[in-house]
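What follows is one structure encoded as structure tokens, with my remarks underneath.
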Amino acid sequence: MNGETNKSVYPTFGLDFISHKRNFVLTCNLPAKGFVDLIRVFDSDAFIVGNEVNWITLRQKEPELTERIQSYIESFNEQGSPIKKLLYDFFNNLVDGECFFVLNHAQRSTSELLDLWCKLGQINAKTINTSFDNNYYHWGTTVLNHNIDFYGTERKSFGQFKKSEIKICRFCSGKDGEYNSKGNLVTFGKKAHLISEALGNKRLISLDECDSCNEYFSRTIEPSIVNYFAPYRSLYGIPGKGGKKKLVGDDFELDAEDGFNIQFSGSIDDLSKENIRIPLRLKQTFVYADLYRCLVKFLLAVMPKEEMVNYSETIDWIFNTEGGDLPKVACLQKSNFYTEHPYLVKYKRHTKDLKFPDLIGEFRYADILMIFIVPFSKLDEKQFLLEEEITFFWNTFIGLRKDYLWNFVDFSSMTPLGMEIDFKINGIELGKNAFLFKESEQK
Ligand SMILES: [Zn+2]
């Protein structure tokens with residue numbers, strides 16, 4: 001005996017719980033026996049061959065399993081807390097009879113996940129009678145080069161700091177309590193909405209955007225995106241900051257709840273027609289390049305911190321106020337994509353195929369979709385400004401959605417633009433839904 005003590009470090013392992021709607025990673029420190037016990041909660045017939053634990057990965061939520069999980073948690077005290085989280089975040093959200101996978105933890109590509117979701121969709125269609133649409137799982141060629149993540153369906157905070165960590169702003173790189181390169185004191189006192197609150201975002205929060213940057217963005221670039229989407233917000237009655245908003249122009253008011261009150265200068269001849277087209281001019285303006293900056297800023301806020309080094313030039317561009325050519329933005333208006341909450345999709349290239357942009361975002365608000373390339377990424381070789389670069393990429397990337405009527409819009413301009421809604425009214429009836437005023441009574 002040499003007096004040495006034995007140290008046994010429990011191995012850390014991860015399991016992926018994948019349901020049709022949710023992925024949950026369970027990370028635990030358990031001895032080998034503990035790991036087998038845990039697996040046996042989900043598959044009581046799990047068996048060991050050599051060092052390997054074998055189990056059937058497809059499981060179903062049934063009363064017996066719920067009981068096994070409950071008694072497993074009770075047998076643990078503190079150590080069981082990740083399992084408790086599994087129960088509350090994942091298992092309790094499953095419908096009785098719903099199938100899910102228990103798999104070894106791995107980084108899965110979007111196409112692998114789509115395969116798993118598709119399998120679950122098919123199985124659940126039978127076990128819990130959900131509808132199954134095969135097309136939903138076909139992202140075509142998009143997933144060949146990019147992994148896809150979605151943001152906005154649930155509450156989430158980004159850029160969390162560890163307790164011992166010094167807080168550093170994601171955008172200005174300033175440290176908490178010090179002055180940043182713009183000469184402003186860096187503090188983290190206010191709640192920073194990852195997508196403008198005026199667009200109704202209450203779910204996505206940035207923890208690592210400093211107060212000074214937050215104030216700067218909301219004063220400079222954010223009015224462009226808020227003003228741009230204001231007509232859609234009012235038309236659909238989508239709540240913004242402080243509730244639903246009226247749209248006010250020079251000669252009209254539009255309130256989704258109270259209807260429309262439009263005063264315009266015209267003659268009785270105009271009103272004797274059955275329908276009429278009026279251009280409604282809005283008071284606010286927007287700048288295309290600032291709208292682009294906002295979209296990119298939203299997307300960068302969800303990127304893992306360690307990847308931000310690739311976007312330092314992108315951040316410089318967000319802060320600068322100069323013009324310059326930018327890749328065109330693909331825009332679409334389509335009611336199938338209607339969403340009341342702003343919604344963000346991240347496409348991150350996982351291949352080395354430089355014909356495709358490194359990072360692409362998709363922003364959805366009301367029935368509008370915008371797909372944009374994040375410019376100035378260090379992982380890109382091309383700028384995606386040339387017609388042939390962009391045509392090749394869009395044709396492949398938009399894939400299954402290529403039959404829609406996309407508009408490829410140049411967002412490079414720094415000129416403030418006024419907005420006009422081409423408003424069409426049908427079925428005018430004088431004295432019923434249209435009234436005449438004398439010139440002097442109009443205001
Ligand atoms: Zn900052």
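In each ligand, atom 1 is the first atom listed, and ligand 1 is the first ligand listed.
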List the atom pairs, donor and acceptor, that lie under 3.5 Å between side-chain atoms in residues 407-416 and the rest of the protein, sequence neighbours left out.
from, atom 1, to, atom 2, distance (Å)
D410, OD1, S412, N, 2.9
D410, OD1, S412, OG, 2.7
S412, OG, L326, N, 3.0
S413, OG, T415, N, 3.1
S413, OG, T415, OG1, 3.4

Looking only at side-chain N and O atoms, does R219 offer a donor or acceptor that is under 3.5 Å from a partner on N214?
no
Compile the donor-acceptor pairs under 3.5 Å between side chains in residues 353-360 and protein atoms, sequence neighbours left out, one pair per line.
from, atom 1, to, atom 2, distance (Å)
D353, OD1, K355, N, 3.2
D353, OD1, K355, NZ, 3.2
D358, OD1, K348, NZ, 2.4
D358, OD2, Y311, OH, 2.6
D358, OD2, S377, OG, 2.7

Please tabulate, for the side chains in residues 381-390, all donor-acceptor contacts under 3.5 angstrom to protein atoms that are two or more places apart in sequence or on a different chain.
from, atom 1, to, atom 2, distance (Å)
E389, OE1, F384, N, 2.9
E389, OE1, L385, N, 3.2

Is a side-chain donor-acceptor pair under 3.5 Å present for Y151 with K346?
yes
Could you count the protein N, O or S atoms found under 2.8 Å away from the Zn ion (ligand 1)?
4
With no hydrogens and no angle check, do the side chains of H105 and D16 hold a donor and an acceptor under 3.5 Å apart?
yes
